[in-house]
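Structure first, then comments.
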2 protein chains.
Amino acid sequence: MTRHVELVQALRRSGHRLTPQRESVLTVMAENAQHLTAEEILARVRARYPYLNKSAVYRALALLTELGLVNQTDLGRGRVEYELHRHPHHHHLICRRCQQMTQIDHALLATLGEKLARDFGFQADLDHFAIFGTCKKCQTRASKHSKRHSH
Amino acid sequence: MTRHVELVQALRRSGHRLTPQRESVLTVMAENAQHLTAEEILARVRARYPYLNKSAVYRALALLTELGLVNQTDLGRGRVEYELHRHPHHHHLICRRCQQMTQIDHALLATLGEKLARDFGFQADLDHFAIFGTCKKCQTRASKHSKRHSH
DNA sequence: GTCTCTAATGCAACGAGTCGCAATAAGGAA
DNA sequence: TTCCTTATTGCGACTCGTTGCATTAGAGAC
Ligand SMILES: [Mn+2]
Ligand SMILES: [Mn+2]
Ligand SMILES: [Zn+2]
Ligand SMILES: [Zn+2]
């Protein structure tokens, strides 16, 4: 069974209506492994189904997110990015200085999730985190820079 | 030395100009331990310094954030919230269902930071995280609900 | 104190995302 | 197939936050 069919079934099982708008958003998401912005999704859907409004895209994505089929994340590029929910989970390290983005494995966050469950009974959504900071390269660049300036 | 004076000094040391707009934003931040929205800050500043533009507030907050004096975080209330940077760091657990917000100690994230530094040489900004999920109370409520529906 | 340079502000226009409401259409019932 | 209920859409207005550009004013030099 294809990913697309699975997704359509999940939508119907949840009791929501399967509209062409929703299905076309789903299709685009299933065809693209990368992160997409709402505008990119709108443009790709319109290539095959031109009758689609901006609000419908946002509402479809909100629903798919609620159902756990899509992740939406602010990756620091000025607009939210959407990605089909994948297993196992992954996260991203993003350098504030050079914008370089690295994908990391969920294992690194798993113990955090367990601690929060154990200490607070809190079930954290650790599906797709964006962790900002400074990458290795930019740290050495910054320290050279400050050395040059300090004498 | 008061927190306010410290902050003003940090601003000047960084080579930026001390304008009345910036200083009044700083004053409001230093007087309020809580999270504030840009609009709340604007309103409080205007009570004593009426000549302040919305853009100036956002730009002042951006600068203070860059200097590490202020944290800005999306706590799920539809607008960004600002807080004076505190030591030691703290973070928040936020329930998506009941909106309850719990403050947690930085210790819970410290090992994550160490792992990212060790494995990737990445220096993560773990100053003030918002971690979304389901609180203890809402988990039990949800499981009762699904039991009632399943027969 | 005055001059000068340019960083910072005010303003208005813009962009992303949300929302209320009237019109439409999905999907279950008959 | 047709009908009915109501979830969903399209649209326009709105909010939060950002940006470009002309104007203002901090602060160092003299
Ligand atoms: Mn991703
Ligand atoms: Mn806080
Ligand atoms: Zn970098
Ligand atoms: Zn809750």
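Below, chains carry the letters A, B, ... as their sequence lines are ordered, and counting in each starts from 1.
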Q: Answer yes or no: does atom CD of B:E39 have more than 12 heavy-atom neighbours from other residues, nucleotides or ligands under 6.0 Å?
A: no
Q: Give a yes/no answer on whether the side chain of A:R22 brings an N or O atom under 4.0 Å of OP1 or OP2 in D:dT8.
A: yes
Q.
Expressed as a whole number of angstroms, how long is the span from A:L26:CG to D:dT8:P?
A. 14 Å
**Q.** Shared hydrophobic cluster for B:F132 and A:F132 (ILVMFWY, side-chain gaps under 4.5 Å)
**A.** no
Q.
Using only atom types and a distance under 3.5 Å, with no angle test, would you say the side chain of B:R96 pairs donor to acceptor with the backbone of B:T134?
A. no
Q: Kindly indicate, with the supporting measurements, whether the criterion salt bridge (charged side-chain N to carboxylate O under 4.0 Å, His left out) is fulfilled by B:E31 and B:R48.
A: CA-CA 13 Å; B:E31 282 174 1; B:R48 90 187 65 174; 3.2 Å; yes
Q. Between A:H85 and A:H90, does the ring centre distance come in under 6.0 Å?
A. no
Q. Who are the side-chain contact (heavy atoms from CB on, under 4.5 Å) partners of A:K136, not counting sequence neighbours?
A. none
Q. For A:N53 and D:dT9, is the shortest distance between a side-chain N/O and OP1 or OP2 below 4.0 Å?
A. no
Q | With sequence neighbours excluded, residues passing side-chain contact (heavy atoms from CB on, under 4.5 Å) with A:Y51 | A | A:Y49
Q: Send over the distance from B:D74 CG to D:dG17 C1', rounded to a whole Å.
A: 13 Å
Q. Can you find an N or O donor on one side and an acceptor on the other, under 3.5 Å apart, linking the side chain of B:K54 with the base of D:dG17?
A. yes
Q: Report yes if the distance between the aromatic ring centroids of A:H128 and A:H91 is under 6.0 Å, otherwise no.
A: no
Q. For B:G121, does its backbone N or O pair with a side-chain atom of A:Q139 as donor and acceptor, under 3.5 Å?
A. yes
Q: Indicate whether the side chain of B:H92 and that of B:Q103 have a donor and an acceptor atom separated by less than 3.5 Å.
A: no
Q | Range on DNA chain C touched by chain B, heavy atoms, distance below 4.0 Å | A | C:dT6 to C:dA12
Q.
Counting primed atoms plus P, OP1 and OP2 as sugar-phosphate and everything else as base, spell out the protein contacts along nucleotides 19-30 of chain D at 4.0 Å heavy-atom distance: B, S or - for each nucleotide, 5' to 3'.
A. BB----BBS---
Q) What parts of residues 41-50 of chain A reach DNA chain C, counting only heavy atoms under 4.0 Å away? A) none
Q: Can you tell me the distance, in whole Å, between the CZ atom of B:R79 and the P atom of D:dT15?
A: 10 Å
Q: Using atom CG of A:L61 as one end and atom P of D:dT8 as the other, report the distance to the nearest whole Å.
A: 15 Å
Q: Using a strict cut-off of less than 4.0 Å between a Lys/Arg side-chain nitrogen and an Asp/Glu carboxylate oxygen, indicate whether A:R118 and A:E114 qualify as a salt bridge.
A: no
Q. Which sits closer to the 5' end of DNA chain D, A:G15 or B:Y58, going by the nucleotide each is nearest to?
A. A:G15
Q. For the helix from C:dG1-D:dC30 to C:dA30-D:dT1, what angle lies between the axis at the first five pairs and the axis at the last five pairs, to 10 degrees?
A. 30°
Q: May I ask you to decide whether A:R44 forms a salt bridge with A:E40, counting only side-chain N to carboxylate O separations under 4.0 Å?
A: no
(Q) Is it the case that the side chain of A:N32 and the backbone of A:Q34 share a donor-acceptor pair, with hydrogens and angles ignored and the cut-off at 3.5 Å? (A) no
